[in-house]
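Keep in mind that the numbers below use all heavy atoms, side chains included, and drop hydrogens, waters and symmetry copies.
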There are 2 protein chains.
Amino acid sequence: MEKPKFEFDCRTCLYRWENFKTLTEEQLQLLCNHRYEASFKPGEIIFKKGSPTSSVIFLVSGMAKVFLEGLDGKSIIISIAKPGMMISGPGTYGDMRHHFTLTSLTDVKACFIDMTVMKQLVHLNSAFAEGLISDISNKSLLMYYKLVGLTQKKMPGRLADAILYLANQIYETDEFDLILNRQELGDFTNMAKESVIRILKDFEEDGLIESNCSRIKILDKPKLQMISENG
Amino acid sequence: MEKPKFEFDCRTCLYRWENFKTLTEEQLQLLCNHRYEASFKPGEIIFKKGSPTSSVIFLVSGMAKVFLEGLDGKSIIISIAKPGMMISGPGTYGDMRHHFTLTSLTDVKACFIDMTVMKQLVHLNSAFAEGLISDISNKSLLMYYKLVGLTQKKMPGRLADAILYLANQIYETDEFDLILNRQELGDFTNMAKESVIRILKDFEEDGLIESNCSRIKILDKPKLQMISENG
DNA sequence: TTAAAATGATGACATTTATCATTATTTTGA
DNA sequence: TCAAAATAATGATAAATGTCATCATTTTAA
């Protein structure tokens, strides 16, 4: 009986990131020899803005929030991380410092891959390098659209965006138990928690959603999309 | 007498981007064989959001504004481009479309380098690839800080940021003839042009700057920095 | 199970900032 | 050089949104 080259977790975890498929068996082995796992309880800091980065991170299971720590203790949630995404800040190829904080929202199992290995793979495999550039570019692109949304849309448009993002990108269903509280929803949409509550109520009264506390159900997606587009 | 390998413009223009210094003579030659130049008058579109990207751009001379076209015809100026910076959107390694527009602010001479050559260089030279990743990462980092500034600072803080950016990064002097008009200053700071005018006047009354029309002179930089930091 | 803590909800009010109308100034081009 | 166009300046007003105080509900942990 042949011994499997990699343990179960490694394969499933890593292979969810498309770009690892460009690697040869040997290169994948190199990667697996330099990976570490850690577990986190909800609300724990996985890495903190300002701390040194020496690895990129993949979630094996669970969800986390990626957020900028802004002025006066206010936060801006950039995105919700779930398994299969590479989480690496712009500091990874710059000043080697984290520029945002990653905090678990649920129980999280995370896989850390040493940056020196990532850089080695960039040298060894140009398809991998190109995939990495592509990944970073796409994240940058999302930031552009986030910037437009947060600065130019009014509150209902921003909140509609958030709900659609959660339904389409994160939960992949139109009814879900929200892991973000109202404050965090505010951090994601750049509004006060009170405003989140008020507009969520408006949406409910207009028959766009059904919401009681953490449960949200989208009732009229086309209308929600219209609000998102018209700001 | 030996014939120089590259014409004057190529060397000076390209070498201003640090990352081209990683190339061998042969690789630089390859690059120079696939570059094109074009001239633009003030206000002309160099490339437009939505159009296909097949090259990255370097300004040989002049300045241009990089801006997102947002909702209702409103713009967000991301940065001012000047010689030595690579201008390539996140679409270059993604959907091959531009996601922002580049417009000349002065007479501009621009140098276009074919993307296929850039990708070839990524394959041939891993130091170049790493430099490219680093460049893209740094731009992404600027976007993070732009997002925090535009969403969390109040108008005086945002305008102070803009003036300091222009003085430190663009003009590299504390007295300069602004090439942006009030509307564009508003597009850069996410405020209405009337608000720009009012706060600029406040700054002048408080002795922070001297400003008549396009000329701006910073009188009290530390105070301006304080306003920038405190939002 | 129950008290404490956290989160959610609501209304009154204040602040920030945009919009609109109008006038002044500067720039541009015949 | 001068009229037209573009840009800048100003004031009044309105809209969007945050803040604060308070109370209700839900969750947590002893």
Side-chain angles (χ1 to χ4, degrees), chain A residues 41-44 65 70-76 103 105-107 149-163 177-205 209-216 227 230-231, chain B residues 41-43 65 70-76 103 105-107 149-162 177-205 209-216 227 230-231:
Chain A
K41 285 198 279 285
E44 287 184 338
K65 61 174 176 175
L71 287 67
D72 306 315
K74 272 183 278 183
S75 301
I76 303 177
T103 301
L105 291 166
T106 64
D107 279 313
L150 290 190
T151 57
Q152 302 198 335
K153 287 185 185 178
K154 301 218 179 59
M155 293 197 297
R158 303 202 304 263
L159 194 57
D161 276 350
I163 295 171
D177 265 310
L178 191 55
I179 38 172
L180 300 178
N181 62 28
R182 302 302 191 247
Q183 176 63 58
E184 288 170 321
L185 221 41
D187 293 343
F188 193 56
T189 53
N190 191 36
M191 42 204 274
K193 62 181 187 302
E194 292 91 339
S195 299
V196 171
I197 290 164
R198 272 184 267 265
I199 292 172
L200 227 38
K201 195 186 161 196
D202 290 347
F203 282 179
E204 198 165 11
E205 281 170 358
I209 61 166
E210 208 176 281
S211 125
N212 75 328
C213 253
S214 74
R215 189 141 200 95
I216 284 192
I227 290 175
N230 297 328
Chain B
K41 285 198 279 286
K65 60 174 176 176
L71 286 69
D72 306 316
K74 272 182 280 185
S75 300
I76 304 177
T103 302
L105 291 166
T106 64
D107 280 313
L150 290 190
T151 57
Q152 301 197 333
K153 288 184 184 177
K154 305 221 177 58
M155 294 197 297
R158 305 203 302 265
L159 194 57
D161 275 350
D177 265 310
L178 191 55
I179 39 172
L180 300 178
N181 62 29
R182 303 300 192 248
Q183 175 63 59
E184 288 170 321
L185 221 40
D187 292 343
F188 192 57
T189 53
N190 190 36
M191 42 203 273
K193 62 179 186 302
E194 293 91 338
S195 300
V196 171
I197 290 165
R198 271 184 267 266
I199 291 170
L200 227 37
K201 194 186 161 200
D202 291 346
F203 282 179
E204 198 165 11
E205 281 170 0
I209 59 166
E210 207 177 282
S211 126
N212 73 327
C213 253
S214 72
R215 189 137 200 98
I216 284 190
I227 291 176
N230 297 329

Whole-Å distance, B/I179 CD1 to D/dT7 P, equals 14 Å
query = Can you check whether A/C213's main-chain N or O pairs, donor with acceptor, with A/R182's side chain at less than 3.5 Å?
reply = yes
Within the 4.5 Å heavy-atom criterion, are B/E184 and B/N181 side-chain neighbours or not?
yes
Heavy-atom closest pair (A/I216 atom, A/S211 atom, distance to 0.1 Å) is CG1-CB, 4.2 Å
Numerically ordered, the residues 194-204 of chain A set in heavy-atom contact under 4.0 Å with DNA chain D is A/E194, A/S195, A/R198
Rounded to the nearest 0.5 Å, the NZ atom of A/K154 sits from the CD1 atom of A/I199 at a distance of 11.5 Å
Taken to the nearest whole Å, NZ/A/K74 to P/D/dT17 is 14 Å
When rounded to whole Å, the NZ to C1' distance for the pair B/K153 and D/dT17 reads 21 Å
| request: Apply side-chain contact (heavy atoms from CB on, under 4.5 Å) to B/I76 and A/Q152, showing your working. | output: CA-CA 9 Å; B/I76 304 177; A/Q152 302 198 335; 3.5 Å; yes
So the side-chain hydrogen bond (donor to acceptor under 3.5 Å, both in side chains) pairs with at least one residue in residues 186-204 of chain A (sequence neighbours excluded) are A/Q183-A/D187
From CZ of B/R158 across to C1' of C/dA18 the rounded distance in Å is 11 Å
If you restrict it to nitrogen or oxygen atoms, what contacts under 3.5 Å exist between nucleotides 23-30 of chain C and the protein, and what is each distance?
none

From CD of B/Q183 across to P of C/dC20 the rounded distance in Å is 13 Å
CG of A/N230 to CG of B/D72, rounded to nearest 0.5 Å, is 8.5 Å
- Heavy-atom side-chain contact between A/I163 and A/L200 under 4.5 Å: yes
When rounded to the nearest 0.5 Å, the distance separating CZ of B/R215 from CD1 of B/I209 is 13.0 Å
Rounded to the nearest 0.5 angstrom, the CG-CG distance for A/D161 and A/L159 is 9.0 Å
Rounded to the nearest 0.5 angstrom, the CE-OG1 distance for B/M191 and A/T151 is 13.5 Å
Could I get a table of every N or O pair under 3.5 Å where one atom is in the protein and the other is in nucleotides 4-7 of chain C?
none

For A/K153 and A/R158, the nearest pair of non-hydrogen atoms, with its separation, is O-NH1, 2.9 Å
B/N190 CG to C/dT17 P, in whole Å, measures 10 Å
Atom CG of A/D72 and atom C1' of D/dG18 are separated, to the nearest Å, by 13 Å
Counting C-beta onward and ignoring hydrogens, is there a side-chain heavy-atom pair between A/P42 and A/D107 closer than 4.5 Å?
yes
Result for 5'-nearest mapping on DNA chain D, choosing between B/S211 and A/P156, is B/S211
Interface polar pairs with nucleotides 13-15 of chain C, N/O, under 3.5 angstrom:
none

As a check of understanding: the bend across the helix from C/dT1-D/dA30 to C/dA30-D/dT1, end axes from five pairs, rounded to 10 degrees, works out to 50°
For B/A162 and B/F188, the nearest pair of non-hydrogen atoms, with its separation, is CB-CD2, 3.6 Å
When every non-hydrogen atom of B/A160 is compared with those of B/I227, the smallest separation belongs to CB-CG2, 4.0 Å
Taken to the nearest whole Å, CE/B/M155 to C1'/D/dT17 is 14 Å
